[in-house]
Structure formats: structure tokens, C-alpha cells
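Computed from a prediction, not measured in an experiment: that's the story for all the values here.
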Amino acid sequence: MEINLWRKGLILVIAVTLLTGCWDRREINELAFVMGLGIDQVKVDEKTRFRVTHQILEQQNQPQDPQGGGGGGGGARTFENIASQSDTMLQASREVATLWNRTPFFQYVRVVVISDAIARTVPLDELLNLYVRSPEVRRSVKVFITRGEAKAVLEGGRKQEEVPSIALDEMIEENRKKSLSLGVEPALGEAVKAMNQKRDFVLPRVNIHRGTHQMEGGAVIDGETKKQVGWLNREEMDGYGLLSGEAEGGQVVVRPPNTAAPIVYEVQGVKPTKLIPRIKGSRLSFVAMVNVEGRLIENWIKGNDTFEEEMIDQLEDAVEIEVRRLVAQTIRKSKMLQTDIAGFGNQLRIHSIETWKKEEKEWKKRYSEIPIEVQVKAKIKEFGSKGILK
């Protein structure tokens, strides 16, 4: 009798396990795969509301659809942009469900694009709250700011059949090592971490130029208010990539002394920048030490042997001058905006907690007045296919 009861109990446990294995199963044909989100602000009957554009894959191109080829059928659009207006992000998404015959599914979202008009007026932590809380949205989703309408960015692309959200995501991934500014991490998770720590940070700016996407500098976000307070232009964004140490590659064009001919130096690595505070009594200053390595990729100087040690020294000096100019330009802009995007304050806290406690309350204003010296060490390691230095 005891054995029979034991067997019945075992069978019940196995049956329950098997029956509950697919409790969260969702039919693919019932889902609308959202690939990108665009957030704008619009006025409706004198009332300001959010307009959220959901970029949804056409059903034949859904990620797990075995019938989907991704070609889109002879140049036809492979996506639909569905916009809805509401007072909250959740209501806007629910509204989409009433406009589409499938349930919005956010696990494949690649990008979130926010218009600068809303980034300047609404704290980003509130704006992104729904997506941060949602277990469907991954922290690796890329966040961009655009000057103008976010909806327009989700319409742009080189080809009609191209899905703009995927194209924008891939443009960053494929060119990260080819541009100083594209190395800056735009992930949702990194933005959330900075906001939680009340750190100032930068998000890349994307615009539409001649119908396609163009990266055009960055948007500076104040860590206290979580709002955008200004822009970095393209050169300042390059300088930020070098200053923050996030740049993974890119080019620096220099013209050594006594020649107008350009040299192109390709950055292959940027070591983390050292921000060292100097404290002498009540006087505070910083040294920012930038260290780059790279190769000579293009040379327009005629009659000079770039393998000569004297010439290499001249070229490295020229690269250091240009990198110093870019970094100093970025620091000037961040001071003008009173945003400590490189984290000088954090380094002061680490090096001298006593000094930090004195400066902490008025740090933004204080930072804009502190002298910062930029020191650069540039090394030419290679000459392309012509040679390698050891």
C-alpha cells in the first residue's frame, strides 16, 4: 500500500512538471516584434502628450519565423511605424495594441530615439522608466537623442526595404573601431547606471541627412536633473571619446611643422585617461593624462622617410598636439555647460575625500573654474603594411 502511494505521488510530480513547462508560451503569430521606439512630444487640444512610435517588423520578417527571408520581397517596406499618443509610455504601448492585430513584444528592441525637445524638459529616468522596469527590454538597447522628431529617424534609411532600427544599431556596431566618437557606449543599462549615480553623461546624437542616418556629435545629460543641457559637436565628441577612454578606434589628421601635407594617424587603442588632482592649500587643479597608440595609415608628405627616428618623433609630437586640442576643446565645452562628463569630481573624491567634502555642494560651478592641464602621450606602433615598430 505504501509503495502504491509513493508511485502515485511520483507520477503526480512528473505530470505537474511536464504540464507547467510551457506555462509562459506565447504564439509567435500573435506577437508584434517591436524593433525600435521613437519618443516625441506633441500638443493635442492644448495639452502636451507623449507620442511613441513603435517600429514593428512585418510578420514575414519576424525573427523566429521559418518562412521569413528578410529580403522583404523586391524592395517593399519590411516594417510599419505605428504611432500613438498618451500621457504615459505604457498607455501609448497599450494604444498600439488597439491599432495592430498583434500584441507588442519588446524583446527585440534595438534602439530608442528621443527628441531633444523632450530630453530637455522631461527627466530621462522618468521617460525610460517603463522600459527599464520591463523584463522584455534588454539593457543593451541603444539610446540616441535627435534634434527634431524621433519619428523621422525611424523613417530614415539607405534602402526602402531596410529596417531603420536595425540599420542604426548595425551602423554603430560596425563602425565602432573606425570613429573616435562611435566608441562611446550608448547602452540603456549604462545610461541608467549613470543616472542612478547622479553622474553627468553623454548620449550620441543621430540626425537624418539626405534621407539616411548620420551621427552628429552627442547630447550632454545632467546627472542631477537627468535632462539634456547641451550638445557636443563632432570634434567635441571625438575629444570625449579620447578623454573618457571609450574610443576604440578612429582617425586623427595632423600636419607636421614645415609642411602643409596631411598625415592620417589611425588610433588603435586608448588607455583609460588618468585624472589626477593637484591640491596646494586652497588651490585645486587637475592633470588629464591621455595615452593613445596607433599606426600611420596615410602619408602625403613627399621626400621624407617616415621610418627615420627623427621623423617618427615629429609625427608623434604632431599627433599629441592634435589630440590635446580635441580633448581641451571638449573640456572647455563641458565647463561651459557645468557638466563633469569625464568624472573629475569622482577622482577628487577617491584621491582626497577631505577636499571633496569641501567642494561637493558647489562642485558643478567649482569644476567650471578649475584649471585642467591636458598631457598626451602618442605612440606610432605601425606603418600599415609597410612595417611594424617594436
Margin query: Treating Arg205 as the side-chain partner and Gly218 as the backbone partner, does any N or O pair qualify as donor plus acceptor under 3.5 Å?
Written below: no
Checklist line | Side-chain donor or acceptor of Thr339 paired with backbone N/O of Ile341 under 3.5 Å | finding: no
Notebook entry, point to check: Is there a donor-acceptor pair closer than 3.5 Å between any side-chain N or O of Asn175 and the backbone N or O of Met171?
Noted result: yes
Check: With a 4.5 Å limit on heavy-atom distance, are the side chains of Thr355 and Lys358 in contact?
Finding: no
Margin query: Just verifying a value: how many Å separate Met35 CE and Tyr108 OH, rounded to the nearest 0.5 Å?
Written below: 8.5 Å
Next item on the list: Indicate yes or no for a side-chain donor-acceptor contact from Ser84 to the backbone of Ala92 under 3.5 Å, with no hydrogens or angles considered.
Entry: yes
Check: Between the side chains of Gln55 and Asn81, is a donor N or O closer than 3.5 angstrom to an acceptor N or O?
Finding: yes
Note to self: Check whether Asp40 reaches the backbone of Arg51 with its side chain - one donor and one acceptor, N or O, closer than 3.5 Å.
What the structure shows: no
Note to self: Are Glu173 and Arg110 packed together at the side-chain level, in the sense that at least one heavy-atom pair is separated by less than 4.5 angstrom?
What the structure shows: no
Next item on the list: Output yes when Lys335 and Asp340 qualify as a salt bridge under the 4.0 Å nitrogen-oxygen rule, no when they do not.
Entry: no
Notebook entry, point to check: Taking NZ, NE, NH1 and NH2 as the nitrogens, is one of them in Lys226 or Glu126 under 4.0 Å from a carboxylate oxygen of the other?
Noted result: no
Notebook entry, point to check: Got a donor-acceptor contact below 3.5 angstrom from the Thr212 side chain to the Ile208 backbone?
Noted result: no
Check: Counting distance only, does the side-chain N/O of Glu293 pair as donor-acceptor with the main-chain N or O of Val270 below 3.5 Å?
Finding: no
